[in-house]
Protein chains: 2
Amino acid sequence: MTRTTYNIYRALADSTRRKILQLLSSGEQTQSDIVKEFNISQPAINKQLRILKEEGFIHERKSGRYRYYQLDRETFEGAYHQMVDEIGAMLDQTLMDLKHYVENKEEDDD
Amino acid sequence: MTRTTYNIYRALADSTRRKILQLLSSGEQTQSDIVKEFNISQPAINKQLRILKEEGFIHERKSGRYRYYQLDRETFEGAYHQMVDEIGAMLDQTLMDLKHYVENKEEDDD
DNA sequence: ATATTATATAACCATTTGGTTATATAATAG
DNA sequence: CTATTATATAACCAAATGGTTATATAATAT
């Protein structure tokens, strides 16, 4: 069944995928358009497109022998905001630091 | 020499590393404190800590037999903002879509 | 009809990843 | 001194990753 639950972190982890997303950010492109921007093979691009598609970050449209790809901005933006919130929360806790220090003060004295 | 240039995308790609960062977001923790929060072995945690440390997202402090870890907020926040900007820019281009359409209109007619 | 182009897929491969167990070393506790 | 605890490291492993080449299929162009 091949577990294909990629999340945005996984999707963004690879630079080829990030570059694909970047390309698509300025508009729809065919697969061959995308391939031309890289020095890797068509099947390699195809694989990364499949991953982005399975994750829902891009949408595929068939027309003749072409496959047009575009960002699925809704999904992508949703995941993006979730990520920004999640990581942002980690950074937004300078006060929590003090809280933790106060709460665990006595433990350090044993 | 093992090339260890992890970027924030790589660092965040793994859920164990994300959880470690989350733990550290509320304050300094020893390695064993961290290990207790997981169901994986101490060497496994050690490896992920090493990665986060090499990337500069956490800082290590030795005290007795303990190793204390804490977020390096400067580095982490810097990388975070860069990421937010980079990905945000991808999403912030609805107008670019139209631009691209206009510019490539004629190409579609051949 | 034939050649060309766009895409898909299979088989393969090396490297990386994220764990494991076993064991060593270092510091502290009793 | 000895036992315990915290951490480090080595050797190992299975699975995932990100490519490759070869080839098939589908659509279009000549």
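Below, chains carry the letters A, B, ... as their sequence lines are ordered, and counting in each starts from 1. Excluded from the calculations below are hydrogen atoms, water molecules and symmetry mates; all remaining heavy atoms, backbone and side chain alike, are included.
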Give the rounded distance in Å between these two atoms: [atom1] of [X] and [atom2] of [N].
| X | N | atom1 | atom2 | result |
| --- | --- | --- | --- | --- |
| B:Tyr66 | C:dA29 | OH | P | 7 Å |
| B:Gln48 | D:dA8 | CD | C1' | 15 Å |
| B:Leu49 | C:dT17 | CG | P | 16 Å |
| B:Asn46 | C:dT21 | CG | C1' | 15 Å |
| B:Asn39 | C:dG19 | CG | C1' | 13 Å |
| A:Lys47 | C:dA11 | NZ | P | 12 Å |
| A:Arg50 | D:dG19 | CZ | P | 15 Å |
| A:Asn7 | D:dT17 | CG | P | 11 Å |

Under 4.0 Å, heavy atoms only, any strand: does A:Lys36 hit a base, just the sugar-phosphate, or nothing?
nothing
Heavy atoms under 4.0 Å, any strand shown: does A:Ser41 hit a base, just sugar-phosphate, or nothing?
base
Report yes if at least one side-chain N or O of A:Thr16 is closer than 4.0 Å to OP1 or OP2 of D:dG18; otherwise report no.
no
Is there a side-chain polar atom (N or O) of A:Ser32 under 4.0 Å from OP1 or OP2 of C:dT7?
yes
Pairwise side-chain contact, [X] with [Y], heavy-atom cut-off 4.5 Å (strictly under):
| X | Y | answer |
| --- | --- | --- |
| B:Ile58 | B:Leu71 | yes |
| A:Leu49 | A:Arg67 | no |
| B:Ile8 | B:Phe57 | yes |
| B:Gln29 | B:Glu37 | no |
| A:Leu21 | A:Phe76 | yes |

From [options], nucleotide with atom closest to [X] side chain:
| X | options | result |
| --- | --- | --- |
| A:Tyr69 | D:dA16, D:dT20, C:dA8 | C:dA8 |
| B:Arg17 | D:dT7, D:dG19, C:dG18 | C:dG18 |
| A:Arg10 | D:dT17, C:dT20, D:dT21 | D:dT17 |
| A:Ala44 | C:dA22, D:dG19, C:dA8 | D:dG19 |

Nearest-nucleotide wise, let me know which of A:Ala13 and A:Lys62 is further upstream toward the 5' end of DNA chain D.
A:Ala13
Could you identify the nucleotide paired to C:dT23, looking across every strand shown and requiring Watson-Crick or G-U wobble geometry with both distances under 3.5 Å?
D:dA8
Distance criterion of 3.5 Å, no angle test: do you see the side chain of B:Gln42 paired donor-to-acceptor with the base of D:dA6?
no
Looking only at N and O atoms, is any donor in the side chain of A:Arg65 or the base of C:dT5 less than 3.5 Å from an acceptor on the other one?
yes
